[in-house]
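One structure is given below, encoded as structure tokens.
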Number of protein chains: 2
Amino acid sequence: MNSTDPIQIATQRTPRGPIPTKPVGATFADLLQMSGVPVDPSGTAARTPLTLRKVHAGERLVHEGAPANAIFFVCAGTFKVFRTDEDGYEQVLAFALRSEVLGFDALCMASYPVAISALEESAVYVIPRCDIPRLCEVLPAFGLMLQRSGSITLARSRELVDIMAAVASEVRLARFLIRHSRRMADCGQSPLRFLLRMGRRELSSLLGVAHETVSRSFTTLSALDLIRVSVREVEILDMDRLGAFARSTRRPMDAPVLVRTRTPADRTPTQRRHAPSRSLAA
Amino acid sequence: MNSTDPIQIATQRTPRGPIPTKPVGATFADLLQMSGVPVDPSGTAARTPLTLRKVHAGERLVHEGAPANAIFFVCAGTFKVFRTDEDGYEQVLAFALRSEVLGFDALCMASYPVAISALEESAVYVIPRCDIPRLCEVLPAFGLMLQRSGSITLARSRELVDIMAAVASEVRLARFLIRHSRRMADCGQSPLRFLLRMGRRELSSLLGVAHETVSRSFTTLSALDLIRVSVREVEILDMDRLGAFARSTRRPMDAPVLVRTRTPADRTPTQRRHAPSRSLAA
DNA sequence: CGCTGTCTTGAACTGTCTCAACCATGGTGG
DNA sequence: CCACCATGGTTGAGACAGTTCAAGACAGCG
């Protein structure tokens with residue numbers, strides 16, 4: 001795509017990278033504000049300049065294995081965090097929306113353990129890694145914000161484990177949709193009707209199922225009137241029942257709230273967890 | 001500490017680290033040193049006291065949903081990080097060994113999103129959450145160390161996603177064992193022969209399979225002479241082949257990887273392909 | 001317009017879950 | 001000292017969900 005250079009971090013001027021210089025360049029005040037930190041409009045943060053980099057749809061922000069000399073905060077758009085095996089299979093690890101930190105997991109090593117690419121026209125704030133110690137001293141709020149962002153990312157990653165753990169495919173999808181809905185809301189967009197930026201295959205990788213299964217799961221959720229789906233456009237019709245479905249664990253006998261009468265796949269959610277070890281449950 | 005254990009290869013760590021508190025008590029110098037940060041033995045860190053807390057086997061360090069007013073660093077022992085659904089099912093999210101941070105994912109919220117309990121006699125350094133901002137200013141090395149620890153935790157969590165993603169159960173187990181082996185080495189213990197601190201059920205939860213399947217997978221790996229296993233004692237017989245097995249995605253024999261007509265990108269998430277007894281072994 | 005990639009749907013195969021019995025260990029107490 | 005139970009691990013057999021292979025629908029694009 002971009003160039004043959006795998007090491008192409010924002011710190012270096014990219015030839016074709018039209019680094020957009022806003023009339024007034026971005027500052028750390030913008031970053032802190034985006035992350036929900038109250039900020040003094042005339043304080044140090046507002047006087048500390050910050051690089052903004054645009055990333056085009058499909059473009060890679062970081063390459064797996066490239067020297068990790070910057071971290072990023074998503075300013076706009078959607079990113080895909082993934083790793084590719086030697087056999088070429090892409091394992092998606094996360095999708096990142098506005099205000100999320102990218103590259104945090106590289107702080108403990110020399111090179112990025114994952115690749116990151118943009119799913120649409122996007123932009124990130126760039127923070128050179130070597131600046132971090134100084135920034136933390138000069139701008140304590142930044143250090144704390146960075147901790148917080150990392151914490152959020154970790155919590156998200158654990159949510160994902162939760163999703164993938166041991167659950168029927170439709171339930172996985174339902175859980176993903178709910179989680180995604182919440183994140184859309186956090187970004188100020190409609191939580192009930194949104195456009196998925198990723199394809200079925202990328203989604204299937206995240207959920208840990210075959211892409212055909214994702215397709216079928218969408219169909220099933222539609223048939224249950226929980227959502228309406230047109231390719232990548234999703235509308236959540238009944239968040240409560242969708243939540244109940246997503247929470248559904250096992251127990252094929254009782255189907256209290258959610259079974260419809262005529263559905264083609266009229267089976268219960270069937271989430272095959274292992275027996276909850278009654279000793280513990282009781 | 002009971003000498004009844006037939007195999008005690010593990011856990012004898014803490015070189016000269018008297019867990020039962022030194023006369024003076026632990027300081028941040030101990031913590032920083034444990035995390036690999038060079039530390040001035042007469043600096044601020046060495047003069048800042050630090051609480052050490054022992055946690056008995058089976059005891060809970062934090063409860064899910066409890067107010068998150070501290071983070072911890074594992075000083076000795078093994079911990080289990082998990083969430084329990086409303087149906088009583090325990091979803092294990094991670095195991096934590098020495099020098100790992102616990103509760104980092106709570107920094108972005110008011111209460112712990114997970115429960116943490118000790119799998120054996122253990123100990124942690126306790127850092128009250130309200131102290132963190134001050135500590136970061138007084139002891140910049142601590143702030144950076146905290147970032148690093150969080151980063152490591154995130155990287156581990158992504159490793160886990162990688163494991164659980166979409167892979168045959170034996171491969172999942174193999175990947176876990178390799179990863180665990182590396183961590184044991186990081187703790188100064190033998191990477192080839194160790195005692196698992198968790199039961200089959202807890203392991204199965206982490207790997208996202210039924211506990212019976214974990215049992216069978218152990219048997220399979222043994223039958224392939226990759227490991228030797230006696231209940232919870234594991235010995236890795238051939239790390240190279242185990243690695244190849246863990247990396248095995250699909251047929252190891254033919255790999256027309258260079259043609260990009262339809263082979264590489266077309267692969268589906270699941271890489272469960274390998275005959276039980278002969279594909280890789282032969 | 002045909003091409004290419006994505007998405008959907010169909011049908012057969014198979015790995016894993018589930019249920020179940022069985023075995024090993026350790027603790028308890030008669 | 002041994003019967004007994006509790007816990008955790010192993011193993012077997014059937015059923016089903018999901019993968020896999022294959023084909024068709026559809027939209028975007030040179």
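- Closest contact between the side chain of B/R200 and the listed nucleotides C/dT8, C/dT16, D/dT10 involves D/dT10.
- The shortest distance between the side-chain N/O atoms of B/T213 and the OP1/OP2 oxygens of C/dT16 is not below 4.0 Å.
- Comparing B/M198 and B/R216 along DNA chain D, the residue whose closest nucleotide (by nearest heavy atom) sits nearer the 5' end is B/M198.
- With a 6.0 Å cutoff to the six-membered ring centre and a 45° limit on the axis angle, A/R183 does not count as a cation-pi contact of A/F95.
- When atom types are taken as modelled, the side chain of A/S181 and the backbone of A/L177 share no donor-acceptor pair closer than 3.5 angstrom.
- For the residue pair B/Y112 and B/H63, the shortest heavy atom distance occurs at CB-O, 3.9 Å.
- In this structure, B/E233 atom CD and C/dT25 atom C1' are separated by 15 Å, rounded to whole Å.
- Nearest heavy atoms, B/V62 versus B/V114: CG2-O, 3.5 Å.
- For the pair A/E90 CD and C/dG5 C1', the computed distance is 15 Å after rounding to whole Å.
- Protein atom OH of B/Y89 is 12 Å distant from nucleotide atom C1' of C/dC17, rounded to whole Å.
- Summarising the geometry, the separation between CG on A/L173 and P on C/dC7 is reported as 13 Å, rounded to the nearest angstrom.
- In this model, the phosphate group of D/dT10 is not approached by any side-chain N or O of B/T219 to a distance below 4.0 Å at OP1 or OP2.
- The distance from atom NE2 of B/H211 to atom P of D/dT7 is 14 Å, rounded to the nearest whole Å.
- Taking atom CG of A/L207 as the reference point, atom P of D/dG18 lies 12 Å away to the nearest angstrom.
- For the OP1/OP2 pair of D/dT11 and a distance below 4.0 Å, the side-chain nitrogens and oxygens of B/S215 include no atom meeting the criterion.
- The salt bridge (charged side-chain N to carboxylate O under 4.0 Å, His left out) test with B/E120 singles out one residue from B/R197, B/R232, B/K54, and that residue is B/R197.
- Taking every heavy atom of both residues into account, B/V124 and B/L102 meet most closely at CG1-CD1, 4.4 Å.
- One atom, CZ of B/R232, and another, C1' of C/dA24, lie 14 Å apart when rounded to the nearest Å.
- Residue B/A210 has its side chain nearest to C/dC17 when only C/dT16, C/dC17, C/dT9 are considered.
- Between the axis at the start and the axis at the end of the helix from C/dC1-D/dG30 to C/dG30-D/dC1 there is an angle of 30°, using five pairs per end and rounding to 10 degrees.
- Of the residues B/R201, B/R200, B/E170, the one that meets the side-chain contact (heavy atoms from CB on, under 4.5 Å) test with B/V214 is B/R200.
- The interatomic distance linking B/E212 (CD) with D/dT10 (P) rounds to 11 Å, in whole Å.
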